[in-house]
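We name chains A, B, ... by the order of the sequence lines, and we start the count at 1 in each one. The shown structure was predicted, so the numbers you read here are calculated from the model rather than taken from an experiment. These numbers come from the heavy atoms of this one structure, side chains and all, not from hydrogens, waters or symmetry mates.
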Amino acid sequence: MWIEWLAYALLAAGSFFVVVGAIGVLRMPDLYTRMHASSVTEMLGSMLIIIGLMLLTGWTLSTFKLFAIMMFLFFTAPVASYAMANAALLSGVKPQLADELPEEKRP
Amino acid sequence: MMSLYDQLPILVITLPLLAAPVVAVLPGRGKLPWLFATIASALTFLIAISLACRVMENGTIPYLLGNWEAPYGIVLSIGPLSVLMAIVISGASLAGLFVSLGGMDKEVPPPHQPLLYACWLLVMAGLIGIVTTGDAFNVFVFMEVSSLASYVMVANGPNRQALPASFKYLVTGTFGATFYLIGVGYLYMMTGTLNMADLSARLADVADTMPVLIAGGFLMLGLGMKGALFPMHAWMPNAYQFAPSPVAAFFAACSTKVPLFVMVRVLYEIVGHHLGSYGELLSGMMMTLSVIAFIVGSLIAIYSEDLKRVLGYSSVAQIGYMVLGICLGTSAGLTAASIHMFNHALMKAALFAAVAAVVVRTGSSKIEDLAGIGKKMPLTMLGFALAGLSLIGVPLTAGFISKWYLIKAILEIGPLGIFLTILILLSSLMAVVYIWKVIEVAYFKPTKIEIPDARTEAPVSILIVLWILVLANFWFGIDPEFVLSLARSEAVDVLGVSK
Amino acid sequence: MNLLGLYNYWVYLFLLLVGMYTVFAKNNYVKRLIGLSIFQSAVFLLFISMDKVAGGTGPIFTGNPVTDAVFANPLPQVLILTAIVVGIAGTALGLAITVRIREEYGSIEESDIRKMDDQS
Amino acid sequence: MITVFDYFTLTMVAIVAVATITSSNLFVASMWSGIYSLLMACNFFILDAADVALTEAAVGAGVSTVLYMGALSLTDDKEQVSRGRKILPLLAVVALGLILMIVTIEHPRVGDINAPIHQHVAPWYIEKTPEYINIPNLVTAILASFRGFDTMGEVLVIFTAGIGVISVLSFKPKRAASVSGSELGKQIRGLHHHAVLRVVGKLLIPIILLFGLLVQFHGKYSPGGGFSAGALFAAAIMLYGILEGADRSAHAMPQAVMLKLAALGCTIYTGVGFVCMLLGHHFLDYNALWPSNPKLGQYYGILMVEFGVGLTVTAVLIMIFNAIANRATY
C-alpha cells in the first residue's frame, strides 16, 4: 500500500519538475540557461517518473526494461547536453549573462 | 509433389530475382555480369513463352505462394495479357542486353556495369512481378523494386543532365507509387482484403460509396504518373534522353506499359463495375487526357531536336492510344490496347536500338548531328526507317494492325468515334512528319562532321537485334494471330463473352 | 455521427497535403525529399489508423486469455513495415543523387539547375 | 485515456510537420523531420502497432536523420528563398484537401470493431496462426510466412537502394578531395572537446548491438524482426563512424564485403524459397522444411528469412552510410 503512495508521490514530483523545466525553457534568456532548465526535465523529471513506474509495476520484466531505459537516459542525457553546449560555444554563441561577471572570469 | 512444370509461373519472377544479387557481386568489368544477366533474361523469356502456350490452352494459371489459400496469402494470377506483357518485358530485356553488348561501354565505364546489370535484372523481375501478381499490395512492392532500379539506371547516364532527370523520375515515381498505395488503402479500408478477385467480389457491397470512388481516382492518378499519361509525362522524355541508350531501349519498350496493364486490372477487374455513374466520369476524363496526350505528344515530338527526345514524346502519344483503348470499356477497345502494347514495344525497341547504334558511332543523338549518317550506316538507318514506318502505321507493319483495331473499336462507340478517328489520323500524320524529319537529315543532308573511325556500320550485336525487331514488326504486321488470340482471350476473360 | 473518430484521418490528410505542397512548391532538392517522406508517412498513418480496435492490444499472443481477447488488425502493420522500408530506400537514393547533382552543378536549387541546363 | 494521447501526439505531429517545411535552414529541417518520425512512432505505438513503431523510430528518426546530415554536409545547408510557384500549389492542395475531407465522413471510425477490415481477412489470421505457425507475434507470422512474398520484394527494394547508392556515388567527383579520409579521421579523433562524446558513445555501441540481437531473434515473441534489427545494427555502426571518423567505419566494414553480405541476405531469402520448391512444395512454403512437423518447418523458415532480412538491411544501411560519409574525401 505505502509503496503505491510512494510511487504516486514520485510520479507527481517528476511531473512537477517536468513542468518547471518547461517553464524554465520558455523564460530563460539565452541558450545556456535554457539548457540548464531543460536538463531538469531530462534528468530529475524523467528519473523520478521512471522510478515511480518501477515501483508501480513490481517485480516483472517491465521493471527491468524501465531500469534499462533509466540507465540509458542516465548516460545519454548529460552527454547530449554537454555536446549541445559545446557545439554552441564552438560556433560562437555567447552566454548573455556573461557580461555580469568580472572581466577575467568570462569564458 | 510439384514438378518443374508446375513451378514455372513463379520461376518467371524469381529466376531474375535470384540472379540479380549474384550479378551485383560478380567480378570482371562488365562482361561476366553481362553474360549472366543475358542468360537469366533468355531463360525468363523462354519460360514466358512456355507460359503463353499454357495460358492459350488452359486459360488463367493461378499459383499460391507458400501454399496459403487466396485472400490470406498472395496468389499469382497469370492471364493472357499477363503472359503477353511478360514476353514483352523479358524480350525487351534480352534485346536491350544485346544492344548493350555493343553500346554500353561507350556510355557507362566498365567498372560500373556489374551494378547496372544487377539493376537491369531487378527492373525486369519487378515488372514481371507486377504483371503476374494477383494481389493489390504486391503490385506496389514490385513497382518499387522496378522503379528504384530504374532511377539508378537513369542516373548512370553519360551526361550530367541524367542526374536531375533521374531525380525528377524519382519524385514522380514515388508520388505515383504512393498514390497507388493510398488507393489500395481506401479499397482495403472498405473491404478488408487485398486479393484482386476477392476485392472485386466484396466491393459489390460497398459500391458507389465515396471512399471507393476516391480509391479509383487515386489508383488512376498513381498509375497515370507511373505510366506517363499526358499531364504527368514530364519525367519520361528526360529519362529516355539522358539514360544510357541501351537502357532507354529497354525502358521504352516496356516500363510505361506495365502501369497501363495494372490500369486494365484496376478498371476491369477491381473497381470498374463498382463505381456506378462515376465510372463513366472517370473513364471520360481519362479518355480526354489520352486524346490530348496523342495530339500534344506528337506535336512536341515534331519540334524536339534530340532523336531520343522525339521518340520519348512519341511514346507519350502512343500511351495516349493505349489509354484510349483501355478506357473505351469495350472488348474491342481492350483488344486494341493490348495489341498496341505489344506492337509498340516492338517498334520502340527497334527505334531505340537504331538510336543506340547511332550514339555508339557518333557520340550524339542530336538530329542535326545525324547529317549524312544514312550513307555511313546504311543498314542501321534502313532499320530505323522501316521501324518508323511501323510507328506511323503503314499497312503490312505491326503499327498498322494496332491502329486498325483501335479505329475499329472507336468507330463502334458512335458519332464521337468519327471525330476521334480523325484525331488519330491527324496524330499519325504528325508521326510521318517527325520520322521524315529524321530521315531527311540522315539521307539528304551532306555530312558535317567526319566520323574518324573507318568502320562505320553499327556493332554486329546491335544490328542483329535491330533487324530481328524490324522483321518482327513485319511478321506481326502480316500474321498477328498470336497476339490477337491472347488479346482476345484477355478481353473475354475480363468482360465476359466478347461482343 | 462520431466525428472525433475521424481525427486520425484528418491529420493524415493534413500531412498528405503538407508533403504534396512541399514537393510542388519548394525549389530545393533536399527540402523536396523531406516533403516526400512526410507525404509517405501520411500514408503510414492512414493504414495504422485503420488497424486500431478500441480496447484491443497489439497483435501478439501472450498466453493470457484476458489480453488475448481483442487484437489490433495485424495486416496493415505488415503492409506499413514494408512501406517504411521502401520510404527509406527512396530517400537514401534521392540523397545520393542530390549529392551528385551538387557536385556536378554546384547547386541543389532546381531553378539554378534548369538555367544551367538551358545554357548548355 | 489512450485516445487523448492519440489526439495529442497527432496534433504535435501536424505542428512539427509545418515546422519542418517552413524552416529554411536544412539542418534544422532534418532535425525536425527526425522529431516528426519519433512522434509518429509514439503515435503508432498508441495505435497498437508496436512493430511499426519500433521500425519507424529506428529507420525514420535514427537512420534517415543521419543520412540527411551526411548529405547536407556535402551540399548546402541553407535553402534559397524560392521564387514564385507558391499560390497555385497551395490552392490545388487545399482544394484536394477539402474534397478528401468530405470523403472521410464515410470512413469507418478509428477503433470501430465493426469496420470491414476487422471482419474479413484479419480474424482468419488471428484464429489460424496458432494452428499453422504457432509463433506469438502475428505481425512476424504474416510478414514472413503468409505474405512472405511481399517481404522478399521488400528485401530486394532495400538491396536495390544499396547498390543504387554505391553505383551513383561511385563516379569520381570533378574536384579532388582536399584532404584524405584518414587525415580527416585523425583530425576528428584528435578533437579535444570531442572526448566525452567518444567515451560515452562507445559505451553505448555494444548495448545497441545487444538490443539489435534481441530484436532480431526475439522478434517472434515480442515486437521486432529483421527490418528493425537491421536498422539498429546499422545505427550502432553509424554511431561508431560518427564518433571515430568515417574512415574507420569504412575500414571496419569495407564496402565490397557489405555488398557481398547484402547479396547474401537476398540470396538466403530467395534460397529458402527455392529449397521449398526443390522439395516439391510451393515457393516459400516452409512446411517443406520439416514435413513431419509443419509448425517446426514454419518456425525455421521464418527464422531463416528473418535472418536474411536482417543481414541485408544491416549491410545496405552501413553501405549507404559509408558511401555518403566518405564522399567528402573520395
Side-chain angles (χ1 to χ4, degrees), chain B residues 1-3 7 10-11 14 17-18 20-22 24-25 63-68 71-74 109 111-112 115-116 118-119 122 125-126 129 133 135 137-138 140-142 144-145 148-149 151-152 155-156 163 166 186 188-195 198 202 205-206 209-211 213-214, chain D residues 99-100 102-108 115-122 124-125 128 132 145-154 156-157 159-161 163-168 170-171 256 259-260 262-267 270-271 273-274 276-277 279-288 312:
Chain B
M1 270 314 256
M2 296 180 76
S3 62
Q7 304 282 13
I10 187 69
L11 273 178
T14 48
L17 280 186
L18 187 71
V22 180
V25 296
Y63 184 91
L64 307 178
L65 280 152
N67 206 11
W68 301 113
Y72 311 113
I74 295 172
H112 295 168
L115 293 181
L116 192 70
C119 287
L122 286 166
T133 188
D135 188 279
F137 186 78
N138 204 228
F140 168 77
V141 172
F142 279 111
E144 283 298 327
V145 174
L148 272 177
Y151 312 146
V152 178
N156 266 296
L163 295 164
S166 167
Y186 277 107
Y188 178 66
M189 179 193 275
M190 301 313 285
T191 60
T193 180
L194 291 165
N195 182 276
D198 199 28
R202 296 184 68 85
D205 297 340
V206 288
T209 52
M210 291 294 275
L213 172 65
I214 290 292
Chain D
I99 298 173
L100 292 176
I102 295 166
V103 175
T104 56
I105 302 283
E106 291 191 18
H107 288 189
I117 68 162
H118 301 306
Q119 302 299 322
H120 184 39
V121 173
W124 188 89
Y125 287 134
K128 299 283 183 181
Y132 290 131
S145 185
F146 293 118
R147 297 186 69 88
F149 195 53
D150 270 353
T151 313
M152 187 182 90
E154 225 37 58
L156 283 146
V157 169
F159 178 72
T160 315
I163 61 175
V165 169
I166 57 169
S167 144
V168 167
S170 63
F171 287 83
L259 179 62
K260 291 195 174 81
L264 180 67
C266 295
T267 314
T270 40
F274 268 89
C276 298
M277 253 165 66
L279 293 172
H281 286 61
H282 283 83
F283 192 73
L284 290 177
D285 183 359
Y286 310 134
N287 290 353
T312 305

### Query
Looking at B:P211, B:P71, B:A125, which makes the most heavy-atom pairs under 4.5 Å with chain D?
B:P211
#### Entry: Per-residue contact mode, B:P109 against chain D (heavy atom under 4.5 angstrom)
side chain
### Query
Considering only heavy atoms, which portion of D:F274 lies under 4.5 Å from any heavy atom of chain B: side chain, backbone, both, or neither?
side chain
### Query
Do you know the tightest heavy-atom contact between D:L259 and B:A24?
CD2-O, 3.8 Å
### Message
Using a 3.5 Å distance criterion without hydrogens, assess whether the side chain of D:Y125 forms a donor-acceptor pair with backbone atoms of B:Y72.
### Response
yes
### Message
I need the minimum non-hydrogen distance between B:M210 and D:E106, along with the two atoms involved.
### Response
N-OE1, 3.0 Å
### Task
Please flag which part of B:D198 lies under 4.5 Å from any non-hydrogen atom of chain D: side chain, backbone, both or neither.
side chain
### Query
Checking heavy atoms, do the side chain of B:T191, its backbone, both or neither come under 4.5 Å from chain D?
backbone
#### Entry: Which atom of D:H120 lies closest to which atom of B:T193, heavy atoms considered
CD2-CB, 3.5 Å
### Task
Can you tell which part of B:Y151 gets under 4.5 Å to a heavy atom of chain D, answering side chain, backbone, both or neither?
neither
### Query
Contact part of D:V121 toward chain B, heavy-atom cut-off under 4.5 Å: side chain, backbone, both or neither?
both
### Query
Side chain, backbone, both or neither: which part of B:A149 has an atom under 4.5 Å from a heavy atom of chain D?
both
### Task
May I ask you to name which of D:I166, D:T160, D:V165 has the most heavy-atom pairs under 4.5 Å with chain B?
D:T160
#### Entry: Rounded distance [0.5 Å steps], CG in B:L65 versus SG in D:C276
11.0 Å
### Query
Among B:N67, B:V25, B:V152, B:V22, which residue forms the greatest number of heavy-atom pairs with chain D at distances under 4.5 Å?
B:N67
### Query
Would a 4.5 Å heavy-atom cut-off, applied to side chains only, mark B:H112 and D:S167 as touching?
no
#### Entry: Near-ring test D:F149/B:F137, centroid separation under 6.0 angstrom
no
### Toward chain D, the part of B:L11 with a non-hydrogen atom under 4.5 Å
side chain
### Proximal component of D:L264, with respect to chain B [non-hydrogen, under 4.5 Å]
neither
### Options B:V206, B:L148, B:L194, B:I74, ranked by heavy-atom pairs under 4.5 Å with chain D, top entry
B:I74
### chain D contact via B:L122 - which portion, at a heavy-atom distance below 4.5 Å
side chain
### Task
Might you point out which heavy atoms bring D:L156 and B:L17 nearest each other, and give the distance in Å?
CD1-CD2, 3.4 Å
### Query
Side chain, backbone, both or neither: which part of D:Q119 has a non-hydrogen atom closer than 4.5 Å to chain B?
neither
### Query
B:Y63 side chain to D:F283 main-chain N or O, any donor-acceptor pair under 3.5 Å?
yes
### Query
Quick one: what part of B:N195 sits under 4.5 Å from any heavy atom of chain D, side chain, backbone, both or neither?
neither
### Task
Measure the CG-CD1 distance between B:L116 and D:I163 for me, rounded to the nearest 0.5 Å.
9.0 Å
### Query
Taking atom CG of D:D150 and atom OG1 of B:T133, what is their separation to the nearest 0.5 Å?
8.0 Å
### Query
Checking B:I214 against chain D: side chain, backbone, both or neither under 4.5 Å from a heavy atom?
side chain
#### Entry: Under 3.5 Å donor-acceptor, B:Q7 side chain and D:G280 backbone
no
#### Entry: Over all atoms of both residues, closest heavy-atom pair of D:G271 and B:L18
N-CD1, 4.5 Å
### Summary
Comparing D:A161, D:C266, D:G148, D:S145 against chain B, the one with the most heavy-atom pairs below 4.5 Å turns out to be D:S145
### Task
Answer yes or no: is there a side-chain heavy-atom contact under 4.5 Å between D:R147 and B:W68?
no
